[in-house]
Amino acid sequence: MCRTDKRVVLATYLGIIPFYFSPTINLFQIEFMIGKLVDLNNFSNFYCSIIVGFLSGMQWQKMIIHKKNNQLFIPFIPLFMVLTFNQNFFPNYAIFILTFSLIISLLIDVILLKYIVDYSFKKLRLKATFLALLSFFL
């Protein structure tokens, strides 16, 4: 693979901004009511779930292209973790599950796909994951 394109870097860092919506709302005690469908306090958790699904799909595609058939189930582990937790039933564990899912997704890219993914992309993923995880602890 070639060096990470500037557009990919920009899109990655812009994609981190929604992780900070909920902490910003809680910090400034902003209360929005956009219908009854949107709960902005849990928006970051929902967005993180979407990102984990996207990352799992990307990893699965790379494994299929590079014929790593014996490891095809591994990218689905973080996705299943995110899909099986219930925000309302386990409110205290949501941050733990989402954090663990992002870390597992990063480890898949760094360890299992180490010969497929180039160094600049790994470095970008490490920085983006750190910034995303930081938003949960603000």
**Asked** Parallel under 30°, tilted from 30 to 60°, perpendicular over 60°: which one fits the rings of Phe100 and Phe96?
**Response** parallel

**Asked** Do the side chain of Asp118 and the main chain of Phe121 share a donor and acceptor less than 3.5 angstrom apart?
**Response** yes

**Request:** First locate atom CD1 of Ile17, then atom OG of Ser44, and finally report the distance between them rounded to the nearest 0.5 Å.
**Result:** 12.0 Å

**Item:** Gap between atom CE of Met81 and atom OG of Ser56 - 0.5 Å precision
**Value:** 10.5 Å

**Item:** Distance, nearest 0.5 Å, that separates NZ of Lys62 from CD1 of Ile116
**Value:** 8.0 Å

**Asked** Counting heavy atoms not belonging to Tyr20, are there more than 12 under 6.0 Å from its OH?
**Response** yes

**Polar side-chain atom of Lys114 near backbone of Asp109 as donor-acceptor pair, under 3.5 Å** = no

**Prompt:** Looking at Thr12 and Ala128, what are the two nearest heavy atoms and their distance?
**Reply:** CG2-CB, 3.6 Å

**Asked** How far apart are the closest heavy atoms of Ile104 and Pro78, and which atoms are they?
**Response** CG2-CG, 3.6 Å

**Item:** CZ-CG distance between Arg125 and Leu55, expressed to the nearest 0.5 angstrom
**Value:** 4.5 Å

**Prompt:** Shortest non-hydrogen contact from Leu102 to Thr129?
**Reply:** O-CG2, 4.1 Å

**Message:** Can a donor-acceptor pair be found, under 3.5 Å and without considering hydrogens, that links the side chain of Gln71 to the backbone of Met63?
**Reply:** no

**Prompt:** Mind checking whether Tyr115 and Met58 sit in one hydrophobic cluster, side chains of I, L, V, M, F, W, Y counted as touching below 4.5 Å?
**Reply:** no

**Prompt:** Once you round to the nearest 0.5 Å, how far does CZ of Phe76 lie from CH2 of Trp60?
**Reply:** 4.5 Å

**Item:** Audit row: Leu98, Phe136, side chain to side chain contact (heavy atoms under 4.5 Å, CB included) steps and yes/no
**Value:** CA-CA 9 Å; Leu98 293 172; Phe136 288 122; 4.2 Å; yes

**Heavy-atom pair with the smallest gap, counting every atom of Lys68 and Leu113** = CD-CD2, 4.4 Å

**Message:** Are Leu126 and Val110 packed together at the side-chain level, in the sense that at least one heavy-atom pair is separated by less than 4.5 angstrom?
**Reply:** no

**Item:** Over 12 non-hydrogen atoms of neighbours within 6.0 angstrom of OH in Tyr13
**Value:** yes

**Asked** Is there side-chain contact between Phe21 and Tyr47, with heavy atoms separated by less than 4.5 Å?
**Response** no

**Request:** Kindly work out whether a path of hydrophobic side-chain contacts (I/L/V/M/F/W/Y, heavy atoms less than 4.5 Å apart) joins Ile65 to Ile108.
**Result:** no

**Asked** If only atom types and distance count, is the side chain of Ser135 paired as donor or acceptor with the main-chain N or O of Ala132 below 3.5 Å?
**Response** yes

**Message:** For the OG atom of Ser49 and the CG atom of Asn45, what is their distance to the nearest 0.5 Å?
**Reply:** 7.0 Å

